[in-house]
Amino acid sequence: MKKKLIVVSTLISMLAASIPVYAEPSITFGSGSEANQKTLNSEGNTERESLLSFKDIQGHWAESSIRSAINKGVVSGYPNGMFYPENKVTRAEFLKIVIGSLGYETESTASGAPWYKAYVAAAKLNQLYVESDFPSSDWSQPMTRMEMVHVAARAIEQVGTDDYDFLYLAVKHGLISGTGNGNLDPGGTTTRAQALTVVDRILKVRGGQTLQVDTVALKNAEKAKNAERDPWGRVIRTTNLPKNAKDFPYILEEYPNEMYEMKPDIIVDTTSAQLAKKDSKFNNKALMDQWKQTTENYYNLLLNVDYRTIDEEWANELFSYHNQGFRVVLADMRRYVKWVKENKIIMTGSLIAEPSMLTDADRLAGYYIRTKFSFEIKSYTKYKNIMFDELFENVGTLKKGKKYEGYADIPLSTNSNTYDLKVSGTATLFSRTSILREVK
């Protein structure tokens with residue numbers, strides 16, 4: 001095989017983060033120490049009344065569902081009077097809120113076990129989740145809308161034959177609507193507002209109500225259910241194609257043309273379409289899943305840091321997804337951990353790697369996988385080395401508390417004669433041709 005070498009070294013109660021969490025969060029939407037959080041309980045009527053006046057839910061499209069959840073004591077919020085309805089929800093958090101809202105019992109969690117284990121078990125016992133619904137390797141990953149509809153549909157005793165049948169059933173019964181113009185956005189993450197709205201609708205359907213249906217979204221869901229799919233079951237689109245569609249084996253419905261048309265930062269010797277015709281590794285789905293997961297694990301750690309919880313284990317795990325040929329990088333990661341604590345950095349984010357957008361640069365001896373990412377810098381003392389990325393400083397000063405999104409090609413490499421590729425030392429989200437913008 002061709003050896004890939006590194007070229008240059010270098011519920012709803014907690015923030016959605018990819019770093020595994022082993023202590024169960026209280027049912028709040030806040031962060032910070034437990035002493036600083038407001039929680040709800042059966043005797044907290046006065047506090048509940050005060051929390052109903054969250055500054056950022058007044059006039060919000062999901063205000064009714066949010067207030068309903070607060071009234072029931074299911075959720076609370078930040079002690080600063082904010083609810084942050086657009087923050088992301090993890091898989092574990094969504095399961096917890098559904099289990100709690102439906103009144104299902106949970107077993108006690110053994111000491112040292114992940115806090116969400118009891119909720120996953122309860123979801124399985126009550127047929128809200130089965131292993132084939134979505135990956136269960138990391139329950140702290142943000143839940144996608146496609147993953148959410150599996151749980152939602154099962155909660156009203158509707159079972160689909162595949163992902164898009166579940167999506168169709170959820171839209172048909174009014175559990176979800178389009179995100180705009182009927183757009184289904186199956187790969188999009190689930191926000192707190194969306195999660196509570198879906199749970200509210202589940203309860204209404206279970207109570208015998210017939211909900212209003214987004215007819216445009218339903219038409220799109222039916223079309224997607226019957227459309228041609230790729231090896232991962234995603235819908236392939238055949239209209240409104242990007243200008244360089246010939247460079248890819250197919251074009252996915254869930255990604256915009258902008259992602260396909262982004263220019264690579266390197267000279268591509270073999271396009272994705274060419275790899276699909278002749279590269280055995282590209283056509284090995286299990287191997288592509290491994291490369292995709294490695295890339296996502298690396299960046300879902302890198303993009304989620306919190307000075308209050310980060311420790312050296314974060315650096316050790318991050319390095320496990322990095323090319324192992326340069327041990328000096330581990331020392332850099334450990335120094336970054338100390339800096340995060342000193343500089344009081346909090347950042348949240350996520351990244352999706354797309355295996356159908358893999359390219360090969362022979363002269364650089366490496367594969368590149370295209371990614372879609374987003375992040376928000378929530379806290380820091382000095383605007384310096386906020387992210388563990390050498391080119392981060394080149395993008396200028398990003399705004400605190402604002403969300404950013406974009407696309408980047410991430411190089412993969414190894415220092416051994418195996419196909420176990422890791423994130424290369426040259427990897428950056430901020431190359432000359434990467435796309436980065438503030439989310440309006």
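Residue numbers start at 1 and run along the sequence shown.
- Under the rule for a salt bridge (Lys or Arg N to Asp or Glu O under 4.0 Å), K243 has no partner lying at least two apart in sequence or in another chain.
- No side-chain donor-acceptor contact under 3.5 Å links S431 and T428.
- Residues that satisfy the ring pair (Phe, Tyr, Trp, His ring centres under 6.0 Å) test with Y407, not counting sequence neighbours, are absent from this structure.
- Between the CG atom of L421 and the CG atom of N323 there is a distance of 9.0 Å, given to the nearest 0.5 Å.
- Between the side chain of Y260 and the main chain of M357, no donor-acceptor pair closer than 3.5 Å is present.
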Do any side-chain atoms of residues 217-224 form donor-acceptor pairs under 3.5 angstrom with protein atoms, and if so which ones, sequence neighbours left out?
| residue | atom | partner | partner atom | Å |
| --- | --- | --- | --- | --- |
| N220 | ND2 | G182 | O | 2.9 |
| N220 | ND2 | V216 | O | 3.4 |

> Yes or no on salt bridge (Lys or Arg N to Asp or Glu O under 4.0 Å) for E296 and K292, after CA distance, side-chain angles and deciding distance?
Replying inline: CA-CA 6 Å; E296 291 177 352; K292 169 183 169 67; 2.6 Å; yes
> How far apart are the C-alpha atoms of D133 and R154, what are their side-chain angles, what is the distance that settles it, and do they pass the salt bridge (Lys or Arg N to Asp or Glu O under 4.0 Å) test?
Replying inline: CA-CA 10 Å; D133 281 346; R154 289 184 185 279; 2.9 Å; yes
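- With sequence neighbours excluded, the residues that form a salt bridge (Lys or Arg N to Asp or Glu O under 4.0 Å) with E312 are R334.
- A salt bridge does not link E254 with K372: every distance from a Lys NZ or Arg NE/NH1/NH2 to an Asp or Glu carboxylate oxygen is 4.0 Å or more.
- A distance below 6.0 Å separates the ring centres of F134 and Y129.
- Here D230 pairs with R234 under the salt bridge (Lys or Arg N to Asp or Glu O under 4.0 Å) rule; sequence neighbours left out.
- Not counting sequence neighbours, the partners of D265 by the salt bridge (Lys or Arg N to Asp or Glu O under 4.0 Å) test are R432.
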